[in-house]
Amino acid sequence: MSYFDAAGTVGNPLIALLAGLLGLAVGSFLNVVIHRLPRMMLRESANFIAAERGEPLPHTDRYNLLLPRSACPHCGTDVPARHNVPVLAWLWLRGRCHACRAAIGMRYPVVELLTAILFALAAWRFGAAQHGLAVMLCCAFLVALAFIDADTMLLPDDLTLPLMWLGLLVNLNQLLVPLHDAVMGAAAGYLALWLIYWCFRLFTGKEGMGYGDFKLMAALGAWLGWQALPFVLLSASALGAVVGIALVLLRRQERDQPIPFGPYLAVAGIMALLFGANWLSFGFYDY
């Protein structure tokens with residue numbers, strides 16, 4: 001049976017439109033995750049160190065993905081509900097805070113629009129049943145991880161590990177790939193980058209990537225199966241090389257400056273998820 005033909009509502013414009021609207025809302029929440037999760041990690045680390053030293057905790061206020069309310073990072077003014085409407089609010093405010101007129105980064109509408117497009121594509125290609133919803137869920141995680149890594153050079157365990165386990169659970173009944181392939185994919189994904197990391201370190205004395213990359217690759221293996229990993233790794237490496245060289249030539253980055261690998265893994269993973277492992281020729285999985 002073809003993976004593409006498995007959903008009965010494939011190619012339905014209304015379903016794709018509704019999924020895109022859902023993607024806008026999810027993208028708005030992803031912006032919160034991208035902004036707050038690294039800060040939550042830093043606060044937790046600072047509190048842990050202070051507790052170990054017997055010092056007062058530096059952060060005692062509640063700070064999570066829900067509290068406090070969204071506020072301007074420049075002036076601290078709470079963001080009214082009407083200014084939280086995805087994309088439209090940013091356009092209405094002309095990319096500036098309504099109170100202090102400080103610039104609001106382009107990342108916010110970009111994340112919302114990107115998530116909407118990915119959700120619409122997933123619904124168009126796989127429908128709104130289990131297949132489409134699973135692909136949307138994976139895409140949401142990958143968007144958050146890509147932007148967090150681009151901003152902070154971090155791939156939080158709070159996202160990579162749940163993504164891996166979700167991939168295994170999704171494939172319990174061969175939704176995307178057989179469970180055996182998913183388990184092998186998770187193991188092979190981690191080990192592949194772990195081996196590359198240690199070979200690079202032994203020959204150069206430098207660390208070429210972080211452990212978060214291993215876990216993200218394991219998560220992609222859990223979703224896509226071990227057969228997709230060579231395509232994902234080669235595609236991510238090619239994309240990273242092209243972008244890295246372009247940044248150096250444009251003098252946006254120094255030659256020896258490290259670049260995050262997570263965004264390229266996420267892009268390759270999304271393309272493989274939507275178009276099949278051989279996504280450069282827009283092939284599809286066949287089971």
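Just so we're clear, the structure is a prediction, and the values are computed from it rather than from any experiment.
Nearest heavy atom pair, residue L220 against residue G269, reads CD2-CA, 3.9 Å. Scanning all heavy atoms of the two residues, the minimum distance from P156 to L145 falls at CD-CD2, 4.0 Å. Nearest heavy-atom pair, A89 versus N84, reported as atom, atom and distance to 0.1 Å: CB-N, 4.2 Å. Nearest heavy atoms, F141 versus L163: CB-CD1, 3.6 Å. I104 and W90 get closest at one heavy-atom pair: O-NE1, 3.2 Å. R36 and N64 get closest at one heavy-atom pair: NH1-O, 2.8 Å.
The shortest side-chain heavy-atom distance between L274 and F126 falls under the 4.5 Å cut-off. You'll find the side chain of L17 stays beyond 4.5 Å of the side chain of P13, heavy atoms only. Here the side chains of L118 and L114 are in contact, with some heavy-atom distance below 4.5 Å. For the pair F147/V110, a side-chain contact is recorded, criterion being any heavy-atom separation below 4.5 Å from C-beta on. Side-chain atoms of R107 and I34, non-hydrogen and from C-beta on, do get closer than 4.5 Å to each other. At a threshold of 4.5 Å between non-hydrogen side-chain atoms, the residues I148 and P38 count as touching. Under the 4.5 Å side-chain criterion, counting only non-hydrogen atoms from C-beta, H74 is not in contact with C97. For the pair P58/N47, a side-chain contact is recorded, criterion being any heavy-atom separation below 4.5 Å from C-beta on.
Remark: the backbone N or O of V79 is paired with a side-chain donor or acceptor of R69 at under 3.5 angstrom. Listed for the N12 side chain is a donor-acceptor partner under 3.5 Å among the backbone atoms of L14. D149 places a side-chain N or O within donor-acceptor distance of the main-chain N or O of L154, the cut-off being under 3.5 Å. At least one donor-acceptor pair under 3.5 Å links the side chain of S237 to the backbone N or O of L233.
If you take CG on L191 and OH on Y197, they are separated by 15.0 Å, rounding to the nearest 0.5 Å. The line from CD of Q130 to CG of L137 is 12.5 Å long, rounded to the nearest 0.5 Å. With values rounded to the nearest 0.5 angstrom, S235 atom OG is found 6.5 Å from L239 atom CG. Here the NZ-CG distance, from K215 to L155, works out to 9.5 Å after rounding to the nearest 0.5 Å. Within the model, atoms CG of L142 and CG of L273 stand 7.5 Å from one another, a figure rounded to the nearest 0.5 Å. From L250, atom CG reaches atom CD1 of I245 across 12.0 Å, with rounding to the nearest 0.5 Å.
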Side chain to side chain contact (heavy atoms under 4.5 Å, CB included) assessment of L229 paired with L224: CA-CA 8 Å; L229 293 179; L224 299 166; over 6 Å; no

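A side-chain contact (heavy atoms from CB on, under 4.5 Å) with D213 is found for exactly one of W194, F261, Y190, namely F261.
Environment of OH in Y63: crowded, with over 12 heavy atoms of neighbouring residues, nucleotides or ligands closer than 6.0 Å. In the displayed structure, N173 atom CG is contacted under 6.0 Å by at most 12 heavy atoms of other residues, nucleotides or ligands.
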